[in-house]
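First listed ligand is number 1; within each ligand, the first listed atom is number 1. In what follows, every heavy atom counts, from backbone to side chain, and hydrogens, waters and symmetry copies are set aside. If you're wondering where the values come from, they're calculated on a predicted model, not measured in any experiment.
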Amino acid sequence: MRIDIIAIIPEILEGPLSQSIVQRARNKGLVDIRVHTLRDYADNNYKSVDDYAYGGGAGMVIRPEPVYRIVHELTQERDYDEIIYVTPDGEPFTQQTANSLSLKENLIILCGHYKGVDQRIRDHLVTREITIGDYVLSGGELAAAVITDAVVRLIPGVLNDETSALTDSFQDHLLAPPVYTRPEVYRGWKVPDILLSGDPKKIEQWRLEKAMEKTRTLRPDLWKKTEREEDDASGREGDKK
Ligand code: ADE
């Protein structure tokens, strides 16, 4: 997979994309991540990429020319599955979005700044708009880092234990169950007996129950989704009979 990130402050991306699992994926050649500096595509000596908003009002807007230029350069070289613009008014980023993006070949992620990018870029170049949550960041770079991290770890071969992504929180709309490691007793706090029982079936059942309990209590919104999907599935089963 190849991910091209277009940023105004590329330095923000350096840390998150050169550590841990993402760095390992890059080293193994499983993902090719390129960070581009939008200012390098400015059409003026000052390397400025923003201007005042038509109609007035506070805040600057990213001009269309430099964005068009870099996107054009990239798309001349290869086809892209999605040109994603990260913005607070996009569709919410979820584990399901990460799952589907991890199956793509080539992605562009465009980071906004200031009041955002000229609407004509959104209308004519961008294929998908994504927010990482209902809050406003200073720029899109951190959002691009979050999306890239969540997607890259799902690429087959990236995680050592292939099953570990499948048991993450949010796969199946459930939060992950509690986990424990040695020692068996720490400051008098004991690991639940069931986890020491050596009975994989019982342990699996316990983990599922804990995951359901946690989701019901901490995230009733997710829990409703799980219930709805189960109802739909049993409805479909009923239809077949
Ligand atoms: N840019 C600024 N805030 C953002 C957010 N919440 N999600 C994605 N991009 C952003």
Side-chain angles (χ1 to χ4, degrees), residues 1-22 31 33-42 47-55 57-68 70-71 74 80-104 106-154 168-170 173 218-219 221-222 225:
M1 170 186 259
R2 179 174 161 132
I3 305 177
D4 288 90
I5 304 176
I6 305 170
I8 292 190
I9 310 183
E11 293 81 2
I12 296 175
L13 290 153
E14 273 169 19
L17 301 185
S18 62
Q19 307 290 329
S20 183
I21 289 169
V22 177
V31 66
I33 302 174
R34 311 281 176 110
V35 179
H36 308 272
T37 306
L38 188 62
R39 289 187 199 288
D40 292 344
Y41 292 80
K47 296 218 175 262
S48 99
V49 292
D50 58 329
D51 210 332
Y52 296 100
Y54 274 124
M60 306 294 275
V61 177
I62 298 176
R63 297 191 359 255
E65 297 98 325
V67 179
Y68 185 86
I70 174 147
V71 170
L74 291 170
Y80 283 86
D81 299 286
E82 299 280 11
I83 300 176
I84 297 165
Y85 174 49
V86 281
T87 173
D89 54 354
E91 59 167 298
F93 185 62
T94 64
Q95 190 61 44
Q96 280 63 44
T97 324
N99 290 346
S100 79
L101 291 178
S102 73
L103 303 174
K104 307 290 184 192
N106 298 311
L107 300 173
I108 291 177
I109 305 180
L110 170 65
C111 305
H113 255 267
Y114 319 116
K115 283 284 166 199
V117 72
D118 187 287
Q119 184 62 36
R120 288 164 292 188
I121 291 294
R122 299 175 70 163
D123 291 343
H124 299 289
L125 291 191
V126 166
T127 60
R128 197 156 180 184
E129 300 187 330
I130 296 179
T131 177
I132 63 159
D134 289 344
Y135 40 79
V136 178
L137 302 165
S138 311
E141 284 84 357
L142 287 173
V146 166
I147 292 169
T148 303
D149 185 292
V151 168
V152 167
R153 63 196 298 286
L154 296 172
D168 281 346
S169 279
F170 304 114
H173 304 306
L218 300 174
R219 291 291 304 274
D221 57 319
L222 268 185
K225 243 190 215 175

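- A donor-acceptor pair under 3.5 Å is absent between the side-chain atoms of T131 and the main chain of D89, judged by distance alone.
- No hydrogens or angles considered: nothing links the side chains of H173 and Q95 as a donor-acceptor pair under 3.5 Å.
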Ligand 1 polar-atom proximity to protein (N/O, under 3.5 Å):
residue: ligand 1; atom: 3 (N); partner: L137; partner atom: N; Å: 2.9
residue: ligand 1; atom: 6 (N); partner: T131; partner atom: OG1; Å: 3.4
residue: ligand 1; atom: 6 (N); partner: G133; partner atom: O; Å: 3.1
residue: ligand 1; atom: 6 (N); partner: Y135; partner atom: O; Å: 2.8
residue: ligand 1; atom: 7 (N); partner: T131; partner atom: OG1; Å: 3.3
residue: ligand 1; atom: 7 (N); partner: I132; partner atom: N; Å: 3.1
residue: ligand 1; atom: 9 (N); partner: T87; partner atom: N; Å: 3.2

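- Not counting sequence neighbours, Y52 has no partner by the ring pair (Phe, Tyr, Trp, His ring centres under 6.0 Å) test.
- Within a 6.0 Å sphere centred on OH of Y68, other residues, nucleotides and ligands contribute 12 heavy atoms or fewer.
- The salt bridge (Lys or Arg N to Asp or Glu O under 4.0 Å) pairs that include a residue from residues 129-139 are R122-E129, where partners are two or more places apart or lie in different chains.
- With sequence neighbours excluded, no residue satisfies side chain to side chain contact (heavy atoms under 4.5 Å, CB included) with Y54.
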